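Contents: one structure, followed by commentary.
Since we're looking at a predicted model, the values are computed, not measured.
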Amino acid sequence: MKHHEVEILDAKTREKLCFLDKVEPHATIAEIKNLFTKSHPQWYPARQSLRLDPKGKSLKDEDILQKLPVGTTATLYFRDLGAQISWVTVFLTEYAGPLFIYLLFYFRVPFIYGHKYDFTSSRHTVVHLACICHSFHYIKRLLETLFVHRFSHGTMPLRNIFKNCTYYWGFAAWMAYYINHPLYTPPTYGAQQVKLALAIFVICQLGNFSIHMALRDLRPAGSKTRKIPYPTKNPFTWLFLLVSCPNYTYEVGSWIGFAIMTQCLPVALFSLVGFTQMTIWAKGKHRSYLKEFRDYPPLRMPIIPFLL
């Protein structure tokens, strides 16, 4: 068997960082990263981005050396991705925060609304219902993170946890402050508006969970396999006929329902910002599906049937 030689250069300075000889031709990029770490322990595999061109795309961990467009002496370029943290840790942190923060306002702990309102309870049923819905949503997210989601990437940059927590925790505090405020006024159309909104919220939460389960079943544990998601016998998954990311569609629907239920401006703004971000993600995933699968269903849109 003829071995390869791998030269690893800094993508910015072109400085030689490492030279690996006698690398087996069927070695994966993940294995090369492990070899690189032995000479540079500060750059553990999750921090490494190896590429064929200094400004090119990162190679996948599962890419095999002999299948890359390189000779027996391969030159790879290294970029430091920075300190990394696991996706599970990020999700648990950013979802546990809103759950806890919202309850502080719901129970009206001291120093929020004034001494005379400490630990008092709202007389409006919608306030208690909103707390149940909000808590259910984030408890569901926490449980899905632990038992449902399978991540294609194990880590993300550490700096992202601060950005994500600022977003989720900040909006949770903002909406909770107004919904649980002693001067909060119920929705304009009363119980009918609340019941309609609750129905939207519950249906979308069930739909979101159903899509997450369907996506989980597509990817075996420990695998990075990608397949085209199709509807199952579960009616909530039939939205796959029309959109590529129905989990985002249902997620936006849940928050629209919550906004209608509470008739609260911060909730509406949170829904709008969330919709904008999820549309960006959905478009990206939709493009990836179209690029990867030639037989991808042509009628699907990224997030909104027939429109977007």
Side-chain angles (χ1 to χ4, degrees), residues 91 94-95 98-99 102 106 124-149 168 171-172 175-176 179 186-218 229-283 285-286 297 299-308:
F91 279 0
E94 66 186 36
Y95 295 158
L99 178 63
Y102 193 98
Y106 175 73
H124 303 301
T125 302
V126 66
V127 172
H128 306 296
L129 185 60
C131 181
I132 292 173
C133 290
H134 189 274
S135 299
F136 173 83
H137 175 76
Y138 282 104
I139 290 172
K140 166 183 165 294
R141 282 194 169 191
L142 289 168
L143 293 175
E144 286 177 337
T145 299
L146 292 172
F147 303 111
V148 177
H149 293 320
Y168 282 105
F171 263 113
M175 65 177 71
I179 295 173
T188 304
Y189 298 101
Q192 290 183 332
Q193 181 173 333
V194 173
K195 289 178 181 177
L196 173 63
L198 178 62
I200 294 172
F201 179 86
V202 171
I203 290 171
C204 288
Q205 286 288 286
L206 290 173
N208 181 263
F209 175 73
S210 299
I211 298 301
H212 286 162
M213 290 300 297
L215 293 174
R216 178 184 185 273
D217 293 340
L218 281 180
Y230 286 104
T232 66
K233 294 180 180 179
N234 182 339
F236 288 108
T237 67
W238 295 352
L239 197 54
F240 270 127
L241 294 171
L242 301 175
V243 297
S244 294
C245 301
N247 50 323
Y248 295 153
T249 309
Y250 283 124
E251 178 77 8
V252 172
S254 294
W255 286 108
I256 290 175
F258 193 71
I260 295 172
M261 178 192 303
T262 58
Q263 200 168 292
C264 180
L265 180 59
V267 180
L269 292 176
F270 180 68
S271 304
L272 178 60
V273 174
F275 170 69
T276 302
Q277 180 61 70
M278 282 183 271
T279 298
I280 295 172
W281 290 337
K283 286 183 175 181
K285 292 186 177 183
H286 185 71
L299 292 180
R300 291 187 187 179
M301 297 297 286
I303 188 170
I304 301 179
F306 310 114
L307 294 177
L308 183 64

For this session: Given side-chain contact (heavy atoms from CB on, under 4.5 Å), test Y106 with H128 step by step and report yes or no.
Result: CA-CA 8 Å; Y106 175 73; H128 306 296; 2.6 Å; yes
Problem set entry | Over all atoms of both residues, closest heavy-atom pair of Q205 and S254 | NE2-OG, 2.9 Å
For this session: Evaluate the side-chain proximity of H137 to E251: yes if any heavy-atom separation is below 4.5 Å, no if none is.
Result: yes
Problem set entry | Closest non-hydrogen atom pair between I200 and G257, with its separation | CG2-CA, 3.9 Å
For this session: Specify whether H134 and Y102 have parallel, tilted or perpendicular ring planes, treating 30° as the upper limit for parallel and 60° as the lower limit for perpendicular.
Result: parallel
Problem set entry | K140 atom NZ: more than 12 heavy-atom contacts under 6.0 Å | yes
Exercise. Does T249 use its side chain to pair, donor to acceptor, with the backbone of I303 at less than 3.5 Å?
Worked result: yes
Exercise. Of the non-hydrogen atoms in Y248 and K285, which two are nearest, and what is the gap between them?
Worked result: OH-NZ, 3.1 Å
Problem set entry | More than 12 heavy atoms from other groups under 6.0 Å of OH on Y230 | yes
For this session: Take F236 and M213, measure what side-chain contact (heavy atoms from CB on, under 4.5 Å) needs, and give me the verdict at the end.
Result: CA-CA 11 Å; F236 288 108; M213 290 300 297; over 6 Å; no
Exercise. Under 6.0 Å from the six-membered ring centre of F209 and within 45° of its axis: does the NZ or CZ of R216 meet both?
Worked result: no
Problem set entry | Check against side-chain contact (heavy atoms from CB on, under 4.5 Å), V243 and H286 | CA-CA 9 Å; V243 297; H286 185 71; over 6 Å; no
Problem set entry | Nearest non-hydrogen partners of I260 and Q193, listed with the distance | O-NE2, 2.8 Å
For this session: Please work out whether the ring planes of F201 and F258 are parallel, tilted or perpendicular, with thresholds of 30° and 60°.
Result: tilted
For this session: Say whether, by atom type as modelled, one donor and one acceptor occur between the side chain of N247 and the main chain of N208 under 3.5 angstrom.
Result: no
For this session: Compare all side-chain heavy atoms of L218 with those of L215 and state whether any distance is below 4.5 angstrom.
Result: yes
Exercise. Looking at side-chain heavy atoms only, is the closest gap between F91 and E144 below 4.5 Å?
Worked result: no
For this session: Provide the closest heavy-atom pair for A282 versus C245 in the form atom of the first, atom of the second, distance.
Result: CA-SG, 3.8 Å
Exercise. Do M301 and L307 pass the side-chain contact (heavy atoms from CB on, under 4.5 Å) test, and can you show the C-alpha distance, the side-chain angles, and the key distance before you say yes or no?
Worked result: CA-CA 7 Å; M301 297 297 286; L307 294 177; 5.8 Å; no
For this session: Search all heavy atoms of I211 against all heavy atoms of T237 and return the closest pair with its distance.
Result: CD1-CA, 3.8 Å
Exercise. Going by distance alone, is a donor N or O of one side chain under 3.5 Å from an acceptor N or O of the other, for T188 and Q263?
Worked result: yes
